[in-house]
There are 2 protein chains.
Amino acid sequence: MKKTRLGEFQELILMTVIVLKEKAYGNEIQRELEERLNERLSVGAIQTALKRMEEKGFLTSKWGEATQKRGGKRKRIYSATPYAHQVLQEMKDIRARLWEAMPQLHTNNLQ
Amino acid sequence: MKKTRLGEFQELILMTVIVLKEKAYGNEIQRELEERLNERLSVGAIQTALKRMEEKGFLTSKWGEATQKRGGKRKRIYSATPYAHQVLQEMKDIRARLWEAMPQLHTNNLQ
DNA sequence: TTGTATATATACATTATTGTAAGAAATAAG
DNA sequence: CTTATTTCTTACAATAATGTATATATACAA
């Protein structure tokens, strides 16, 4: 477990970025993830996580346009790098194999 | 993300404990996980993780018998608590829904 | 031209997770 | 009864992940 992978929170943010595609910017990620986790998250925590993941090569970003509704600062749109996709897939596979190997009662619902 | 859940490593150990059932003790967990991750792990890291997870209510433990082969200290056999199962399942479900929501190219292989 | 909504940026702080190393306990073999 | 082997224990250390608070930027609207 040497080479840093993704923390739990970071992994969730990363997946959310992929889900949101062109809409993947701070506040929208917050809303989406809060709904999925059914739990409040701070914008700050998400913004800093995004920056750090960019530094670590999991995300890239570009400027988007300002909100049409009312005004506001331009959005920074994030997207996952190939490396991030690879790491996500690896984590998924390892967990999937473990689930398969677990004695029943866990192989129920979803996927 | 307040109430502490599981770190990535801890989650993997927890799943391995469930997979190994009555064989879930330090060294065996190490072997199993090293094989699955294709990566060396230190026994110490695993032993301390097990202790901590027990303190946090994810695991319980009991004494097993000594190795038949050659001798050695008695094994401490771990097993997952209902709470641990619940947390694992929740994490699985949240990730599964995210995978479902992701644009293709990721919905391939396994599960 | 001021207010307000929408966003990002960043410095700082805290907490959690993971890792190391040395040693102690238990047991079977010789 | 001494040794080799297996395993756990513990104290300590390092690093990584997460959170907070405040400031700054932008744009529309009145």
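Just so it is clear: chains get the letters A, B, ... in the order the sequence lines come, proteins before strands, and each one is counted from 1.
- Other residues sharing a hydrophobic cluster with B:Tyr25 under the 4.5 Å side-chain heavy-atom criterion for ILVMFWY residues are B:Ile77.
- Distances were taken from every side-chain heavy atom of B:Tyr25 (C-beta onward) to each of C:dT17, D:dT7, D:dA17; the shortest belongs to D:dT7.
- Distances were taken from every side-chain heavy atom of A:Ser42 (C-beta onward) to each of D:dT9, D:dT20, C:dT6; the shortest belongs to D:dT20.
- Applying the side-chain contact (heavy atoms from CB on, under 4.5 Å) criterion to B:Ser42, with sequence neighbours excluded, gives B:Ala45.
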Identify the pairs formed between an N or O of the protein and an N or O of nucleotides 10-13 of chain C at a distance under 3.5 Å, and give each distance.
none

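- The salt bridge (charged side-chain N to carboxylate O under 4.0 Å, His left out) check on A:Glu28 picks up A:Arg31, with sequence neighbours excluded.
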Do any N or O atoms of the protein come closer than 3.5 Å to N or O atoms of nucleotides 24-27 of chain C, and which pairs are they?
from   : atom 1 : to      : atom 2 : distance (Å)
C:dA26 : N3     : B:Lys73 : N      : 3.3
C:dT27 : O4'    : B:Gly72 : O      : 3.1
C:dT27 : O2     : B:Gly72 : N      : 3.2

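- Residues passing the salt bridge (charged side-chain N to carboxylate O under 4.0 Å, His left out) test with B:Arg74, sequence neighbours excluded: none.
- Under the salt bridge (charged side-chain N to carboxylate O under 4.0 Å, His left out) criterion, B:Glu11 pairs with A:Arg95, B:Arg95, sequence neighbours left out.
- Remark: B:Ser79 engages B:Thr60 in a side-chain contact (heavy atoms from CB on, under 4.5 Å) (not counting sequence neighbours).
- Judged as a salt bridge (charged side-chain N to carboxylate O under 4.0 Å, His left out), and not counting sequence neighbours, the contacts of A:Glu22 are A:Lys62.
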Derivation and outcome, side chain to side chain donor-acceptor pair (under 3.5 Å), residues B:Glu32 and B:Thr16: CA-CA 7 Å; B:Glu32 177 77 22; B:Thr16 305; over 6 Å; no

